[in-house]
Amino acid sequence: MRRTIRQATFFPCICSGSIKWIHQDCLMQWMRYSRKEFCELCGHRFSFTPIYSPDMPRVLPLRDVAGGLVSSIATAVKYWLHYTLVALAWLGVVPFTAYRTYRFLFSASYDMLLSLPINMFSTENIAADVFRGCFVVTCTLFSFIGLVWLREQILHGGGPDWLERDDPPVQEPPPPPNVEQDENLVEANNNINNNNNNNDVQQNVEANLQVRPAHDNGVLDPQMPFMDNPINREEPPVADPDEPEIGQEVVGDEANWNPMEWDRAAEELTWERLLGLDGSMVFLEHVFWVISLNTLFIFIFAFCPYTIGNMAIFLLGILKPGKPQMHFHGLLTTLLGYCIIGITLVKLHALAKMLRMRKSRRILGLCYIVVKVSLLSVVEIGVLPLVCGWWLDICSLPMFDATLKDRKASFKAAPGTSLFIHWMFGMVYVYYFASFIILLREVLRPGVLWFLRNLNDPDFSPIQEMIHFSILRHIRRLVASAVIFGSAVLLMLWLPINILKNIWPTFLPYTLSGDSEIILPGFFEQSQTRVWLKGFIRIWCSVVSWFLGIRSYLLGSDTQQQNAGQDEGHRHAPDAGQGLGAAHQALLHRDVPVGFQPYDQPSYFILRLAGLIVFMCVSLVIGSLLTLTIPVWIGRQCMTLWLVGGHIGQTPTAEEAAPPKPHELYTAAMGTYLCWIISRGIAIAVNLFPQGRQAVVQKIKHWMSIGASYAMAAVIFVLMFGVVPLLYGLLLELVVVVPLRVPLEQTPILFLGQDWALGVLYTKITCALTLMGPDWALKRAIERAYRDGLRDIDLKFIIKDLAAPVIMCFGLALAVPYVLAHSILPIFFTNQHTRTLLARRIYPFFLIVAIVIGIIVFQIRQFKKLYVAIKNDKYLVGQRLVNYDHLKRKASMAPSNLRDRT
């Protein structure tokens, strides 16, 4: 007779209804499949109770515990040795060999060659060589990534026209015509002619997109339009006649390349396996390949160009033997070597074209593209911002009462620092200039700034332009950019400074050193600033366009703005067909963007444009003059009142008779903030008062509610950003700084402001480490505070669960040792030296005690986990799922509850 075994059902989570009950086997299968240990609906974590063998002893034998402990220690030692080897290989051997190779190649001599093994494996300056090697490895890594990315750009965006174009193939006799396809083509051409007669441009475009040409075999090509349509497709960059023409060969290996094997290798290779974190020793092979690639990259991309450039310098007689080298000799020589390599590649590929060496021609062309893009990237990212930074510094010398001799002396003292600072300022200037151009494009008529590249264009790709356009075209662009940047600096910096020196001689120079008691933030950025600047530009454009009569050109008319979507790209409305295509081809050749609106050209248009340029220059000078004077003057007046007010009631000495001069950064920041507050108040009043009394009252109530929430935020701000960092910084000062830096015979002086500032930094670092660490109460509290934000802030939660525990912990850590050192221990120790020693060393002593206790507690927990693991490994036979309310059910079945029910 067959018996049916019925499995027990459980309710392991909070869920109720039909999904409340489940079999343990089903749940185990789902957990293995989903890899989750909690319910996806209610979030409750499932719990299991272990089932041990009946013969398990109450206490494990010492032999089992000792065996498990030895096995655990052996496993830990094994992993420690493996990870130590991994760290030494990747963080020691790779950068060490990279730098030693780099040093040998760039200081090669006969003596160096003879002592190469000794120098490569020398133990001198290992730490410094490893640190420098990290920089070398980073450069080679970025070079490799750049090459791979450039390859992807060429594959996806296509190469230049001279690289993709092949030699004309041998003409073959055409196949017999296909009558059916010829009839289709004739009918399609008739449709096009009818559409052209109706002068319907939109239908003409649709017909152009529908008609396809036929190949030699008479089959229509669905990928190619019948005629060029410059409106609805992107034109490829036009080949420049200055660029060398290089033919292309259809490489069979690339066409028939199957990437499946590479994909499988990429699937098998993970970061853990690559770095050796999976416990295997395969990473040693990867280390060898990385060292080889580093050596290859250093030799090809650094040593070879440097050697070629150095030979060219000596052949030209620029640097004679015995003459001291110039600053950045290696970098400049390497760049010269790259230029020579580029010219050589052009000549070689022209020779390969003459000899009809297709494969060599393509390889040389790709190498030329790599050199070309590298040099252009260095020029656009490095040289152009550096030139802008130097030009900014030269034009601003009178503002700081400096001379070119001062800048020359600072450059000789620290050339690298000087170049980096000027490059950084140049990058900031270029960034803000580009942001201002983007703002202008939002106000002006599309097409006014056709001569400037649109950085917001989704089709804009500087790397593709570097690949496709010629060197001469890039040089013309760089010269034009340098002229525009330099002219803007002259108008906005040099000319206003000289005008200010003549009008107000005592205002300049700016003070960059002096009293620095007041600390203000040096970065000012408000979201309303962009809106106000945009509105001011719109008002200025409206006034100037009305005065000069060029509103249609500068801003566009209302009717044209409404029809911009229909007439976009049309200018002076040429006839449909060939005239329209020719007009757009001309615009594309001139780099005019597609978003172009027509305008009405008034009489004396050139003179009106000249007047626009004059108005623009005068406005820039006046605006810069006001920006350089008003905020600084207001800040100086406020600073003077502040500093003089602090000395009221005191008799000034002869040295204090002159008012202190604070740093000009503080005066400019304070004046800018005051100007912003005044402007913001005026803007609110202008917008609010015309709405009536009721609107003003409602706005005041709204501000009061916001003020109440900000009051709570202020309390939290004082606690979390005032008290906690102060206690934290003071505690670290007493634990670390004072015992190490202050001798026992001296009295330590605590600067609370400095301790608070350092405490802010320590608090931020601690919060970051806490969020990255394991889950515990402080981490959950910080995460909830971040999620709530300022709008949904919970004052009770912040004070109870976050501020109070931290402040209590730091307060006890500061108070308990102090009380012991100054109240209790002096009862037992009467020697003053002993008391001073105890007072100074009690804080680090308590830190050591806390660390020891923490280590002991951690080891006890780890031993408990090991004990349970040994017991489970030897005697565990299964697990039983635990119901959610099993504790309540046990309590309800207790004898006392039964007696109460009866």
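A quick note: this is a predicted structure, and the numbers were derived from the prediction, not measured. Hydrogens, waters and symmetry mates play no part in the numbers below; they use all other heavy atoms, side chains included.
Between Ile537 and Phe436, the closest side-chain pair of non-hydrogen atoms falls below 4.5 Å. For the pair Met616/Leu612, no side-chain contact is recorded, criterion being any heavy-atom separation below 4.5 Å from C-beta on. You'll find the side chain of Ile341 stays beyond 4.5 Å of the side chain of Tyr368, heavy atoms only. Phe425 is not listed as a side-chain neighbour of Asp393, based on a closest heavy-atom distance of 4.5 Å or more. Within the 4.5 Å cutoff, the side chain of Leu444 has heavy atoms near those of the Leu449 side chain.
Judged by distance alone, with hydrogens and angles left aside, the side-chain atoms of Ser410 form a donor-acceptor pair with the main-chain N or O of Arg407 at under 3.5 Å. The backbone N or O of Gln153 lies less than 3.5 Å from a partner atom in the side chain of Gln464, making a donor-acceptor pair. Formation of a donor-acceptor pair under 3.5 Å by the Asn502 side chain with backbone atoms of Ile499 is not found in this model. Of the possible polar contacts, none joining the Ser624 side chain to the Val621 backbone as a donor-acceptor pair under 3.5 Å is found. Side-chain atoms of Trp494 do not come within 3.5 Å of backbone N or O of Ile394 as any donor-acceptor pair. Listed for the Trp391 side chain is a donor-acceptor partner under 3.5 Å among the backbone atoms of Gly486.
Shortest non-hydrogen contact noted between Gly611 and Leu548 is C-CD1, 3.8 Å. The nearest pair of heavy atoms linking Glu380 to Met466 is OE1-CE, 3.5 Å. Heavy atoms only, all atoms of each residue included: Pro631 and Ala668 are closest at CB-O, 4.3 Å. In terms of heavy-atom proximity, Arg551 sits nearest to Ser542 at NH1-OG, 4.1 Å. Looking at every heavy atom in both residues, Ile369 comes nearest to Ile154 through CG2-CD1, 4.0 Å. Nearest heavy atom pair, residue Met399 against residue Ile497, reads CB-CD1, 3.7 Å.
Atom OG1 in Thr672 sits 11.0 Å away from atom CD1 in Ile630 (nearest 0.5 Å). Taking CG of Leu440 as the reference point, atom NZ of Lys534 lies at 11.0 Å (rounded to 0.5 Å). Going from atom CD of Glu152 over to atom CG of Leu147 covers 12.0 Å, rounded to the nearest 0.5 Å. The distance from atom CD1 of Ile622 to atom CG of Leu491, rounded to the nearest 0.5 Å, is 12.0 Å. Interatomic distance, Leu150 CG to Leu366 CG, rounded to the nearest 0.5 Å: 9.0 Å. Summarising the geometry, atom OH belonging to Tyr510 is positioned 11.0 Å from atom OG belonging to Ser396; distances are rounded to the nearest 0.5 Å.
Between Trp504 and Phe507, the ring-plane angle classifies as tilted under the 30° and 60° cut-offs. The aromatic rings of Trp390 and His422 sit parallel, their planes meeting at an angle under 30°, below the 60° perpendicular limit.
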Exercise for the section: Before giving the answer on side chain to side chain contact (heavy atoms under 4.5 Å, CB included), spell out for Val448 and Arg445 the whole-Å C-alpha distance, their side-chain angles and the decisive distance to 0.1 Å. Expected result: CA-CA 6 Å; Val448 175; Arg445 177 187 60 84; 3.6 Å; yes

Exercise for the section: Just do the side chain to side chain contact (heavy atoms under 4.5 Å, CB included) check on Phe485 and Val387 with the steps written out, would you? Expected result: CA-CA 10 Å; Phe485 291 151; Val387 172; over 6 Å; no

Problem - Derivation and outcome, side chain to side chain contact (heavy atoms under 4.5 Å, CB included), residues Val378 and Tyr338 - result: CA-CA 11 Å; Val378 170; Tyr338 270 108; over 6 Å; no

Practice task
Apply the test side chain to side chain contact (heavy atoms under 4.5 Å, CB included) to residues Leu452 and Ile484: give CA-CA distance (whole Å), side-chain angles for both, the deciding distance (0.1 Å), then the verdict.
Solution key: CA-CA 10 Å; Leu452 296 175; Ile484 293 174; 3.8 Å; yes

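Within 6.0 Å of NZ in Lys408 there are 12 or fewer heavy atoms belonging to other residues, nucleotides or ligands. Other residues, nucleotides and ligands contribute at most 12 non-hydrogen atoms within 6.0 Å of the CZ atom of Phe420. Around the CZ atom of Phe411, the shell of radius 6.0 Å holds more than 12 heavy atoms that belong to other residues, nucleotides or ligands. No more than 12 heavy-atom neighbours from other residues, nucleotides or ligands sit within 6.0 angstrom of OH on Tyr604.
A cation-pi arrangement is absent between Arg608 and Tyr553, since the terminal nitrogen or guanidinium carbon is not both under 6.0 Å from the aromatic centre and inside a 45° cone about the axis.
Among the candidates Tyr431, Trp423, Tyr429, the single residue satisfying the side-chain contact (heavy atoms from CB on, under 4.5 Å) test with Pro385 is Trp423. Exactly one residue among Leu508, Leu500, Ile634 makes a side-chain contact (heavy atoms from CB on, under 4.5 Å) with Thr629. That residue is Leu500.
Between Glu465 and Arg473 there is no salt bridge, since no side-chain nitrogen of the basic residue lies less than 4.0 Å from a carboxylate oxygen of the acidic one.
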